[in-house]
There are 2 protein chains.
Amino acid sequence: MLGDRWSLLIIRDMMLLGRRTFKEFLSSYERPASNILADRLRRLKAYGIIRAKRDRSDGRKLIYLLTPKGMDLAPVLTEMVLWAGKHEKTENRPLIRLMQKDKEKFLAQIRQRWAQNKISPPSQ
Amino acid sequence: MLGDRWSLLIIRDMMLLGRRTFKEFLSSYERPASNILADRLRRLKAYGIIRAKRDRSDGRKLIYLLTPKGMDLAPVLTEMVLWAGKHEKTENRPLIRLMQKDKEKFLAQIRQRWAQNKISPPSQ
DNA sequence: TTTTTCACTTGCATTTTGCAAGTTGGTTGT
DNA sequence: ACAACCAACTTGCAAAATGCAAGTGAAAAA
């Protein structure tokens, strides 16, 4: 389900960077092609990992959100980011330091932010 | 580095199931093609995630081992297996129960087993 | 010495990915 | 009301990755 180049990156962008719309995913660091992005969003939806709803204030926009199943990937993503932070060059060091400092607290914060629909990227 | 169908499965087989040789990886549950498997092993080696050494007692065999960098993926793999166990149909329920029971203990056991080169699959 | 086994490689068909250029439908500006 | 615009896709096609089946060469077993 997640064994391709883009799925986990999309989920990371949603969970950790607060991305929510097609356009936002398109302009992510790794820049997926629009047709592939559309396909991956479709698949993640079919798997029950994300869902989409119309934007109340702009009927063109679709807001993509993680389902509970998708949110349960938070520990996976966290461990992957920590691993990459330890062994590879990465940007967003502050985020990594936050994770390292207290992993459980970080996960709790992410879940809480999500529950409130305050989907902004984590800040110190 | 890990964003393809096979890399994480190979690492899972090494770390959790004690697989070590080309032939053993070939006969894994998901059955990679031999050329792809060869390519993935080459890449994982180039990334410093695995290494290979000749078998002392059988000069045809190569024994693939995780490097420290590869072993550091243990938390990632554990979280992925737990996620899959919660949300998808999986075999090897006993392994999952072991992980759930005490995650840290499980990880410590894996690391220890690896340090001793006792690379057999975790039991009960 | 012949046959197996092991870790690959090779050639080729199929599938997936990626790029660039649309299309559709809602929105904004005049 | 109408044009220009924007967001989320789709389409056509080239390029790359994947998969299958059948080798190959070196080492071990019979």
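Chain letters run A, B, ... following the sequence lines, proteins first and then strands; every chain starts at 1. Note that the structure is predicted; figures quoted are calculated from it, not measured.
Protein atom CD1 of I36(A) is 16 Å distant from nucleotide atom P of dA15(D), rounded to whole Å. What separates CD1 of I10(A) from P of dC9(D) is a distance of 12 Å, to the nearest Å. Straight-line distance from the CG atom of D4(B) to the C1' atom of dA16(D): 14 Å, rounded to whole Å. Residue I63(A) contributes atom CD1, which lies 13 Å from atom C1' of dA8(D) at whole-angstrom precision. Remark: C1' of dT18(D) and CD of E30(B) are 16 Å apart, rounded to the nearest angstrom. Whole-Å rounding puts the K23(B) NZ to dA26(D) C1' distance at 17 Å.
Within residues 37-47 of chain B, the residues that have a heavy atom under 4.0 Å from DNA chain C are, in order of number, A38(B), R42(B). For residues 49-61 of chain B, proximity to DNA chain D is found at D58(B), G59(B), R60(B), defined as any non-hydrogen atom under 4.0 angstrom from a strand atom.
When the side-chain contact (heavy atoms from CB on, under 4.5 Å) test is applied to A33(B), the partners found at least two apart in sequence or on another chain are N35(B), I36(B). Shown here are the side-chain contact (heavy atoms from CB on, under 4.5 Å) partners of S27(A), two or more places apart in sequence or in another chain: R31(A). Every salt bridge (charged side-chain N to carboxylate O under 4.0 Å, His left out) that E88(A) has, sequence neighbours left out, goes to K69(B). Among residues two or more places apart in sequence or in another chain, the side-chain contact (heavy atoms from CB on, under 4.5 Å) test is passed with T21(B) by K23(B), E24(B), K61(B). Listed by chain and number, the residues in a side-chain contact (heavy atoms from CB on, under 4.5 Å) with L77(A) are L8(A), I11(A), R12(A), M15(A), L73(A) (sequence neighbours excluded).
Taking CG of N92(B) as the reference point, atom CG of L16(B) lies at 8.0 Å (rounded to 0.5 Å).
Between T90(A) and G85(A), the shortest heavy-atom distance links the atoms OG1-CA, 4.0 Å.
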Which donor-acceptor pairs under 3.5 Å do the side chains of residues 95-107 of chain A make with protein atoms, sequence neighbours left out?
unit_1  : atom_1 : unit_2  : atom_2 : d
D102(A) : OD1    : E104(A) : N      : 3.3
D102(A) : OD1    : K105(A) : N      : 3.1
K103(A) : NZ     : E79(A)  : OE2    : 2.8

May I have the list of side-chain donor-acceptor pairs in residues 45-56 of chain B shorter than 3.5 Å, sequence neighbours left out?
unit_1 : atom_1 : unit_2 : atom_2 : d
R54(B) : NH1    : G59(B) : O      : 3.0
R54(B) : NH1    : R60(B) : O      : 3.3
D55(B) : OD1    : S57(B) : N      : 2.9
D55(B) : OD1    : S57(B) : OG     : 3.1

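Nucleotides of DNA chain C that come within less than 4.0 Å of any heavy atom of chain A span, from the 5' end to the 3' end, dT17(C) to dT27(C).
For the pair W6(B) and dG19(D), the criterion of a side-chain N or O lying under 4.0 Å from OP1 or OP2 is met.
Residues L41(B) and F25(B) have side chains in contact (heavy-atom distance under 4.5 Å, counting atoms from C-beta outward).
For residues 68-104 of chain A, the ring-ring contact (aromatic ring centres under 6.0 Å, His included) pairs, not counting sequence neighbours, are W83(A)-H87(A).
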